[in-house]
Structure formats: C-alpha cells, structure tokens
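Each remark here refers to the structure printed beneath this line.
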There are 2 protein chains.
Amino acid sequence: MREPDISIAECSYRRALEIVSNKWTALVIYALEDGTSRYGTIKSRIADISQKMLTQTLKQLERDGLVVRKVTPVVPPAVEYALTPLGMTLLPFLRMLKEWSSAHYASVSEAREAYYAEHQDQDASHG
Amino acid sequence: MREPDISIAECSYRRALEIVSNKWTALVIYALEDGTSRYGTIKSRIADISQKMLTQTLKQLERDGLVVRKVTPVVPPAVEYALTPLGMTLLPFLRMLKEWSSAHYASVSEAREAYYAEHQDQDASHG
DNA sequence: CTGTATCCTATGAGATACTG
DNA sequence: CAGTATCTCATAGGATACAG
C-alpha cells in the first residue's frame with residue numbers, strides 16, 4: 001500500500017522538487033557538467049540567462065552544497081565554479097530528463113497542437 | 001565536443017523542464033502513478049493543493065497529452081483521470097528524483113545549515 | 001570580469017464565493 | 001462532486017545602471 005498523502009509523507013521529495021523547480025537551476029548544473037567553468041563561460045553557455053538570475057542560481061546551488069565557488073584574487077577577478085560530488089549526483093537525473101525530452105517531446109507538441117485545434121476558441125496563446 | 005549554447009541547441013530540453021518546473025505537476029503525475037483516480041481522490045492525496053491549482057495542473061497535463069480525462073455523465077458528475085502512455089514515460093524520471101531525495105536530501109540540508117551558520121548575518125530566512 | 005542594487009512586470013499560487 | 005470566477009499577495013525573473 002502507498003501512503004495516503006504525498007504532501008506530508010514525501011516531504012524530502014517536495015524539497016528536492018524545489019531544487020529543480022525553477023527556470024535556471026537545471027540548466028546551470030548542466031552547464032557545469034564538463035567540469036570547472038568561469039562565471040562568464042557559464043553565462044555564454046546559457047546565453048539568455050540574465051546576470052541576476054545566474055548569480056542568484058549559483059548562490060542557491062552553493063548554499064545547497066551542489067556547487068563550489070573558488071575565487072582567484074587577481075585583477076580582474078577570476079571566479080570558478082564546479083559541481084561538488086553531491087551536485088554530480090544530480091547529473092544522471094538531468095541526463096534522463098534530456099533523454100526523455102529527445103524521445104518524447106515531439107509527442108507533447110503534437111498533443112498540444114491537437115488540443116488547441118479543438119479548443120482554439122477558448123485559448124490560443126501558444127505561439 | 002558539446003554544443004556551445006544549451007539555450008538554443010537543447011530547446012526541447014528546456015521545454016521539458018517547463019513541464020516539471022512548477023510546484024504541482026510532478027506531484028499530480030505521481031498521484032496518478034497507481035492508476036485511474038477521481039478528482040477528489042487526487043486532491044486528498046496531495047492534501048494541501050488548492051482546487052484552483054489542481055484543476056489548472058490537470059488541464060495542462062491533459063493539454064500536453066500526459067493525462068486523459070474521462071467524464072461519466074451521472075449526477076453528481078464523476079470525473080476520472082489517468083496517465084496516458086506518454087505520461088507514464090515520465091514515471092521513471094520522477095521515481096529517480098524520489099530516490100535522489102531519499103539518498104541525498106539530508107546532505108543538502110546539512111550544506112544549508114553550514115552555509116547559514118557562516119552567513120547568518122546576511123541571510124537568516126530559513127525556517 | 002564578476003558581481004550588486006533597484007525598479008518593474010508577469011506569473012504562480014492561495015482564499016473565497018459561486019455553479020451545474 | 002467537480003469544477004469556474006475573481007480577488008489578492010508573494011515571488012520569479014528581466015532590464016538597467018552602477019561598483020570593486
């Protein structure tokens with residue numbers, strides 16, 4: 001039998017969901033997949049992320065022990081980021097989502113098209 | 001070599017991330033793991049989800065072809081929801097996140113405590 | 001180069017009341 | 001029972017300007 005209430009029983013699961021549940025976290029982790037990168041490198045890899053969001057996401061990841069920040073005191077400052085071992089444990093999960101998207105996202109798009117074809121008078125906001 | 005820009009090259013990946021990137025979607029899918037459920041049953045399983053959010057999430061999932069909605073025209077109305085085959089393909093992914101949270105979430109909590117212990121004068125907003 | 005600080009808007013999400 | 005509609009607030013996130 002399963003627990004009747006996933007909201008209480010699976011608390012850590014929900015906390016884990018919070019880590020992934022924002023626009024940039026997964027992307028930043030993914031950008032660090034290959035190893036240490038500098039701030040600017042990460043930024044150029046994700047391109048349309050703003051400074052604010054990159055800094056904020058990096059801070060959260062550092063706070064959560066998923067990323068480590070290393071400052072080299074030179075001028076101009078050089079800051080490098082890398083996944084911690086803990087952060088790396090998320091990689092298989094992210095790769096799995098990536099595989100899922102390659103394999104199935106077209107189906108989601110099709111479903112959406114079909115849905116909007118039927119409901120076009122009610123909601124057509126889907127570029 | 002990898003693509004230089006995950007924002008453009010991995011578009012479907014980002015779209016897939018949008019599916020998981022909200023507070024309730026994963027939980028609702030998870031609540032349907034065992035099979036068909038009625039609206040009220042799902043609601044009681046997730047407990048602290050509001051009617052609005054449950055309805056909205058269910059609609060999105062239906063639109064994306066991940067969940068199917070079946071209405072039995074009786075009074076009072078009976079509405080059943082179930083994962084589609086496509087929706088079920090997300091299950092392994094969600095289970096993996098659940099396993100990750102069981103295995104590693106304590107480490108995240110510890111990291112946070114340590115972080116706040118060092119930065120307590122700057123930010124202490126962490127229950 | 002690596003950030004901070006501020007302003008602003010859109011969206012997420014809860015509360016409440018109402019309906020077939 | 002299974003929603004819809006509306007109000008409201010908090011947060012996410014983008015733009016821009018500034019700083020060490």
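We name chains A, B, ... by the order of the sequence lines, and we start the count at 1 in each one.
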*Has Arg38(A) got a side-chain N or O lying under 4.0 Å from the OP1 or OP2 atom of dC1(C)?*
no
*Taking only N and O in the side chain of Arg69(B), is any of them less than 4.0 Å away from OP1 or OP2 of dG3(D)?*
yes
*Are side-chain heavy atoms of Leu91(B) and Leu83(B) found at a separation under 4.5 Å?*
yes
*Please list, by residue number, the residues of residues 56-66 of chain A whose heavy atoms come closer than 4.0 Å to an atom of DNA chain D; answer none if no residue qualifies.*
none
_Interatomic distance, Leu17(A) CG vs dA13(C) P [rounded to whole Å]_ = 11 Å
*What is the distance, rounded to the nearest whole Å, between atom NZ of Lys43(A) and atom P of dG14(D)?*
10 Å
*Side-chain heavy atoms of Leu90(A) within contact of Leu66(A), under 4.5 Å*: yes
*Is there a donor-acceptor pair under 3.5 Å between the side chain of Thr25(A) and the backbone N or O of Ser21(A)?*
no
*If you round to the nearest 0.5 Å, how far is CD of Glu113(B) from CZ of Arg63(A)?*
11.0 Å
*Apply salt bridge (charged side-chain N to carboxylate O under 4.0 Å, His left out) to Arg38(B) and list each qualifying residue two or more places apart in sequence or on a separate chain.*
none
_Glu18(B) CD - dA10(C) C1' separation (whole Å)_ = 15 Å
_Given 3.5 Å as the limit, does a donor-acceptor pair link the side chain of Thr55(A) with the main chain of Lys52(A), or not?_
no
*Report yes or no: do Ile42(A) and Val71(A) belong to one cluster of Ile/Leu/Val/Met/Phe/Trp/Tyr joined by side chain heavy-atom distances under 4.5 Å?*
yes
*Quickly work out the Leu54(A) CG to dA12(D) P distance and round it to whole Å.*
16 Å
*Tyr81(A) side-chain N/O to dG3(C) phosphate OP1/OP2 under 4.0 Å*: yes
*Is there a chain of hydrophobic side chains (I, L, V, M, F, W, Y, each step under 4.5 Å between heavy atoms) that links Tyr39(A) to Val68(A)?*
no
*How does protein contact run along nucleotides 14-20 of chain C, one letter per nucleotide 5' to 3', with B for base contact, S for sugar-phosphate only, - for none, heavy atoms under 4.0 Å?*
BB-B--B
